[in-house]
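Below, read A as the first sequence line, B as the second, and so on, with proteins coming before strands; counting in each chain starts at 1.
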Protein chains: 2
Amino acid sequence: LIKLVGVWKTYRMGELDVHALRDVSLEVARGEFIAIMGASGSGKTTLMNILGCLDRPSSGSYWLDGEEVSRMSADKRAMIRNRKIGFVFQNFNLLPRTSALENVAMPLSYTASHLTEKEARRRAKEVLERVGLGDRLHHEPSQLSGGQQQRVAIARALVNKPPLLLADEPTGNLDSKTGEEVLELFQELNREEGVTVVLVTHDPHVASHAERIIYIHDGQIVEDLPRLHS
Amino acid sequence: LIKLVGVWKTYRMGELDVHALRDVSLEVARGEFIAIMGASGSGKTTLMNILGCLDRPSSGSYWLDGEEVSRMSADKRAMIRNRKIGFVFQNFNLLPRTSALENVAMPLSYTASHLTEKEARRRAKEVLERVGLGDRLHHEPSQLSGGQQQRVAIARALVNKPPLLLADEPTGNLDSKTGEEVLELFQELNREEGVTVVLVTHDPHVASHAERIIYIHDGQIVEDLPRLHS
Ligand SMILES: Nc1ncnc2c1ncn2[C@@H]1O[C@H](COP(=O)(O)OP(=O)(O)OP(=O)(O)O)[C@@H](O)[C@H]1O
Ligand SMILES: Nc1ncnc2c1ncn2[C@@H]1O[C@H](COP(=O)(O)OP(=O)(O)OP(=O)(O)O)[C@@H](O)[C@H]1O
Ligand SMILES: [Mg+2]
Ligand SMILES: [Mg+2]
């Protein structure tokens with residue numbers, strides 16, 4: 001499903017270059033559940049933004065589902081994102097002044113435009129109930145706790161059952177019980193719907209839910225191991 | 001230093017009332033290092049916003065350093081915040097389009113206005129180096145990773161050495177090594193400068209750095225225990 005070859009991402013800051021990713025190559029098969037770990041600033045979000053077609057490499061290639069996407073136009077990449085990728089952002093990126101329900105229903109207007117507004121809202125409600133927010137449907141982001149906002153972001157990424165789920169530290173604001181429920185939901189989608197999951201985390205316990213763990217250090221992949229079965 | 005008596009915080013949402021805090025009473029002595037834990041949505045940030053004089057209780061009282069602050073005007077509370085409280089926000093609240101260095105130097109213009117701009121920037125630089133961001137001084141928030149932004153927020157809260165440090169999930173975006181360095185810095189300020197620390201966390205390992213742990217559930221304090229010494 002995913003094939004990165006020789007990807008670099010460099011930011012020019014005046015005379016300095018910041019190499020956020022250096023010569024990254026990675027393959028992920030359909031249906032895998034992988035975790036990405038590494039120190040703060042090591043390049044995980046940069047990698048996720050490239051995988052999610054939100055950003056382009058400075059050099060190197062990215063094949064997603066058989067198409068080379070890194071040189072496509074912004075419009076084409078947006079279409080691919082809407083149809084194929086669910087993204088849980090590290091900083092949530094929810095629409096302010098918009099209820100949890102409407103935030104979660106939004107992707108359906110791109111991908112499932114055959115649904116009536118009523119059906120879209122019903123599906124959004126189901127996913128929100130799944131992450132424990134059935135009693136917060138009409139709250140706006142500013143009326144939600146940090147972990148509740150994170151769960152709205154998770155629900156929004158899942159509502160159109162995308163083939164690829166990219167989750168950037170999705171449990172960072174959740175207590176262990178709530179976090180566990182979210183991870184079990186990801187595992188269920190992976191096992192039962194074949195959703196490919198790529199999850200960035202700082203927490204080894206969260207990473208243990210994946211079958212393969214990739215370690216990034218200073219923009220390079222330094223380890224790529226199957227999880228140790230306990 | 002801190003005395004809350006019978007504090008309630010209620011949000012009116014149409015016909016429903018959301019009781020974010022219910023009859024909360026709490027005392028924290030000067031120089032203590034306490035952790036607050038509880039499920040997502042249980043009321044931790046609401047409690048921190050009241051302790052930080054950013055918000056007022058719906059009913060009940062709050063004595064900070066001998067003054068009853070809950071009924072003071074917004075201006076008076078802002079003055080108290082600037083002089084006495086360092087706050088690490090769950091969502092960072094950094095100024096966009098402003099470098100890490102300037103974000104961190106900002107509180108000094110209120111509290112240490114005798115410093116020249118050069119001295120203020122030097123002090124900001126020292127704190128940023130302390131949290132491992134010496135090579136990111138001139139990056140703006142959008143040019144920083146999630147954990148780097150979190151560390152800028154931490155540095156800003158510490159730069160004027162406030163007597164009370166309130167930190168709302170300050171390690172949520174940090175890998176364990178970087179998180180440990182931040183917690184050791186808090187412990188050092190607590191031991192050597194007598195800074196009173198109130199830290200919200202979902203991570204029991206983080207909470208173990210405190211000497212007392214308070215558990216919140218559905219807006220109420222349900223446990224208040226000294227840490228088990230291991
Ligand atoms: N402005 C508001 N209007 C209505 N309800 C609110 C508002 N702000 C917060 N709430 C509700 O109050 C409750 C407590 O919120 P709070 O942010 O204190 O939780 P928290 O313990 O910090 O959670 P987390 O661990 O997820 O950050 C939540 O259920 C939230 O939905
Ligand atoms: N627009 C930018 N300009 C310059 N440098 C940047 C920019 N965006 C990111 N960086 C730098 O690239 C590096 C990698 O950032 P990235 O966000 O990928 O880290 P991360 O692994 O996700 O970290 P965290 O765990 O803290 O979220 C960081 O050192 C960061 O300062
Ligand atoms: Mg990141
Ligand atoms: Mg909170």
Side-chain angles (χ1 to χ4, degrees), chain A residues 11-14 16 18 20 37-49 89-92 94 99 131-133 135-151 168-169 171-179 181-182 200-207 215-217, chain B residues 11-14 16 18 20 37-49 89-92 94 99 131-133 135-151 168-169 171-179 181-182 200-207 215-217:
Chain A
Y11 295 106
R12 303 230 128 76
M13 306 268 308
L16 283 175
V18 175
M37 298 189 78
S40 171
S42 57
K44 306 179 297 297
T45 293
T46 304
L47 176 57
M48 294 290 267
N49 287 341
F89 294 91
Q90 187 169 6
N91 63 356
F92 318 152
L94 300 178
S99 72
V131 295
L133 294 178
D135 61 351
R136 290 285 181 275
L137 301 177
H138 305 295
H139 285 232
E140 296 176 359
S142 63
Q143 298 168 323
L144 292 170
S145 78
Q148 290 168 343
Q149 292 175 35
Q150 188 158 42
R151 284 180 276 160
D168 197 346
E169 303 196 34
T171 59
N173 284 287
L174 302 177
D175 54 280
S176 47
K177 176 162 177 289
T178 311
E181 289 165 13
V182 162
V200 166
T201 183
H202 282 306
D203 185 338
H205 174 70
V206 168
Y215 294 86
I216 291 192
H217 178 70
Chain B
Y11 295 106
R12 301 228 129 78
M13 306 267 310
L16 281 175
V18 174
M37 299 190 76
S40 173
S42 57
K44 307 178 298 296
T45 294
T46 304
L47 176 58
M48 294 289 268
N49 287 340
F89 294 91
Q90 188 170 4
N91 62 356
F92 318 151
L94 299 178
S99 72
V131 295
L133 293 178
D135 60 352
R136 291 285 181 272
L137 301 177
H138 306 294
H139 284 232
E140 295 176 0
S142 64
Q143 298 169 322
L144 292 171
S145 77
Q148 289 168 344
Q149 292 175 34
Q150 190 158 41
R151 284 180 276 160
D168 197 347
E169 304 194 35
T171 60
N173 284 286
L174 301 177
D175 55 280
S176 44
K177 176 161 177 291
T178 311
E181 289 165 13
V182 162
V200 166
T201 181
H202 282 306
D203 186 337
H205 175 69
V206 169
Y215 293 86
I216 291 192
H217 178 69

B/Ser145 versus chain A, the contacting section by heavy-atom distance below 4.5 Å: side chain
For A/Arg151 and A/Val131 the tightest heavy-atom approach is NH1-O, 3.0 Å
Side chains of A/Lys44 and B/Asp175: closer than 4.5 Å at any heavy-atom pair? no
Give a yes or no answer on whether the side chain of B/Glu169 reaches the backbone of B/Asn91 with a donor-acceptor pair at less than 3.5 Å. no
Against chain B, work out which of A/Gly172, A/Ala39, A/Gly38, A/Gly14 has the most heavy-atom pairs shorter than 4.5 Å and name it. A/Ala39
If you count heavy-atom pairs under 4.5 Å with chain A, which of B/Thr171, B/Thr178, B/Asp203, B/Leu174 comes out on top? B/Leu174
Would you confirm whether B/Asp168, through its side chain, and B/Phe89, through its main-chain N or O, come within 3.5 Å as a donor-acceptor pair? no
Most chain A-contacting option - heavy-atom pairs closer than 4.5 Å, from B/Gln90, B/Met37, B/Gln143: B/Gln90
Answer whether the closest heavy-atom distance between the side chains of B/Leu47 and B/Ile216 falls below 4.5 Å. yes
Please classify the contact of A/Gln148 with chain B as side chain, backbone, both or neither, using a heavy-atom distance under 4.5 Å. both
Nearest non-hydrogen partners of B/Pro141 and B/Leu94, listed with the distance: CG-CB, 3.9 Å
If you count heavy-atom pairs under 4.5 Å with chain A, which of B/His139, B/Lys177, B/His138 comes out on top? B/His139
Measure distances from B/Asn173 to the heavy atoms of chain A and classify the residue's part below 4.5 Å as side chain, backbone, both or neither. both
So which residue, B/Pro204, B/Gly179, B/Gly147, ends up with the most heavy-atom pairs under 4.5 Å with chain A? B/Gly147
